[in-house]
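Notes to accompany the following structure.
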Amino acid sequence: MVAEFDPPNIDITNLEFVEIIRQTNNVFLCRARWQDKDCVLKVFPPYKWERIHPPFRSIDLFKNESRAYSRLKARGFCERGSVPDFYGVVENIDPEAKGWQPQLKEFHDKTFPRGLDPKARPNGVLMEYIPDVNILELSNYTETRAHKLRQLLFEIHEAGIVHLDPYPRNMLIQGDSDRVLWIDYELAQIFDPEHSEHPRFFDQEREFMDAFVEALDRDYKLGKYEETRSIYFE
């Protein structure tokens, strides 16, 4: 059995804020500098469990993302470039940390879950920054890239991880190369083979990916989004 990667806990004060990449109610994504490297810091608001949440699935976005990257790194996905390299976690983040004002404070204040301990703080993951990447689309489609992404997803499944957000926004192509990556694991679940929900989730994701790759190939030959239009634009 492959040992899990135990990610180091990196202090937010050792990171230098560069720019915001994307910000929503669920995530604060930015470029940062750490140990002379360009990185991506992905911060999630404090997690709040509620009774309506399914008992067999984790809805803690930080936990999902960090566990998935830890397993992927331990199994060599980061080393071979199939997912961004994973440097560590940034836990118990002070939203008023020096150098992170006002962006992080505004994100924390806006997304802080009601009814949570006011001392609760956000957590994040620190990853490789990869320049010149775009989502898989008709303009950069090749049969090789699409099939590599499909095969890569199936290999992620073999690691016991179901992505649960297998859409083009999470399939990246780097420049003119054939490097392809799967990103964004905040919904991902790790299921042991004996888990009763294991087959259903994995089967559905494989069926979706098979159908998507075949439909995108037909749209590419047609020269426009037809069968995949709803996937890209709705």
Side-chain angles (χ1 to χ4, degrees), residues 2-12 14-24 26-44 60-91 93 104 122-137 140 144-146 148-190 205 209:
V2 180
E4 298 295 325
F5 171 68
D6 185 15
N9 191 359
I10 301 165
D11 195 304
I12 188 72
N14 292 328
L15 305 178
E16 177 187 352
F17 172 79
V18 177
E19 63 178 351
I20 293 177
I21 298 174
R22 176 167 54 91
Q23 181 172 329
T24 69
N26 293 324
V27 66
F28 174 86
L29 192 68
C30 72
R31 284 182 63 183
R33 293 282 296 173
W34 176 69
Q35 296 185 351
D36 297 323
K37 289 191 289 239
D38 275 327
C39 305
V40 170
L41 175 64
K42 190 173 184 179
V43 180
F44 301 98
D60 184 336
L61 304 183
F62 165 71
K63 179 180 178 181
N64 297 343
E65 184 105 346
S66 58
R67 287 182 65 203
Y69 272 115
S70 294
R71 177 166 288 204
L72 291 167
K73 188 175 180 73
R75 284 155 177 75
F77 286 79
C78 296
E79 184 177 0
R80 70 182 205 243
S82 300
V83 301
D85 199 1
F86 177 43
Y87 301 134
V89 295
V90 187
E91 296 183 293
I93 298 173
L104 196 53
N123 299 301
V125 295
L126 190 67
M127 302 169 289
E128 171 190 12
Y129 172 76
I130 305 173
D132 191 24
V133 288
N134 293 283
I135 68 168
L136 175 68
E137 55 190 1
N140 59 21
T144 297
R145 288 170 174 169
K148 284 178 70 173
L149 281 163
R150 176 168 61 182
Q151 179 59 33
L152 177 54
L153 181 63
F154 296 168
E155 292 172 8
I156 291 170
H157 288 175
E158 291 173 1
I161 300 170
V162 60
H163 192 283
L164 291 183
D165 194 14
Y167 292 95
R169 59 179 173 266
N170 296 323
M171 309 175 198
L172 296 187
I173 309 295
Q174 185 178 32
D176 295 326
S177 73
D178 279 325
R179 182 184 180 187
V180 301
L181 308 97
W182 278 92
I183 62 168
D184 286 353
Y185 295 86
E186 63 259 34
L187 300 181
Q189 304 291 301
I190 295 178
E205 199 157 277
M209 193 62 186

Looking at [X] and [Y], what are the two nearest heavy atoms and their distance?
X	Y	value
G124	I93	N-CD1, 3.9 Å
F17	C30	CE1-CB, 3.9 Å
G88	P7	CA-CB, 4.0 Å
H157	V162	CD2-CA, 4.2 Å
V40	E128	CG2-O, 4.0 Å
C78	P84	SG-O, 3.3 Å

With rounding to the nearest 0.5 angstrom, report the [atom1] to [atom2] distance, [X] to [Y].
X	Y	atom1	atom2	result
L104	L41	CG	CG	8.0 Å
C39	R33	SG	CZ	7.5 Å
E205	F154	CD	CZ	9.0 Å
D132	D176	CG	CG	7.0 Å
F62	E91	CZ	CD	4.5 Å
S66	N9	OG	CG	10.5 Å

Donor-acceptor pair, side chain of Q23 and main chain of I21, under 3.5 angstrom: no
Polar side-chain atom of N140 near backbone of I135 as donor-acceptor pair, under 3.5 Å: yes
Decide yes or no for [X] and [Y]: does some side-chain heavy atom of the first lie under 4.5 Å from some side-chain heavy atom of the second?
X	Y	result
L153	L149	no
L152	F77	yes
I161	R71	yes
F44	N26	no
I156	H163	no
I10	L15	yes
F86	L72	no

Donor-acceptor pairs under 3.5 Å, side chain of residues 165-174 to any protein atom, not counting sequence neighbours: which ones?
unit_1: D165; atom_1: OD1; unit_2: R169; atom_2: NH2; d: 2.6
unit_1: D165; atom_1: OD2; unit_2: N170; atom_2: ND2; d: 3.0
unit_1: N170; atom_1: ND2; unit_2: D165; atom_2: O; d: 2.8
unit_1: Q174; atom_1: NE2; unit_2: P131; atom_2: O; d: 3.3

Side chain to side chain contact (heavy atoms under 4.5 Å, CB included) evaluation trace for K42 with D184: CA-CA 10 Å; K42 190 173 184 179; D184 286 353; 2.7 Å; yes
Cation-aromatic face contact [X]/[Y], 6.0 Å, 45 degrees:
X	Y	result
K73	F5	yes
K37	Y87	yes
R67	Y69	no

Candidate list L61, L164, V83, test side-chain contact (heavy atoms from CB on, under 4.5 Å), partner Y185, passing option: V83
Criterion salt bridge (Lys or Arg N to Asp or Glu O under 4.0 Å) against E155, the qualifying member of R150, R80, K148: R80
I130 vs R179, side chain to side chain contact (heavy atoms under 4.5 Å, CB included): CA-CA, chis, key distance, verdict: CA-CA 11 Å; I130 305 173; R179 182 184 180 187; 3.7 Å; yes
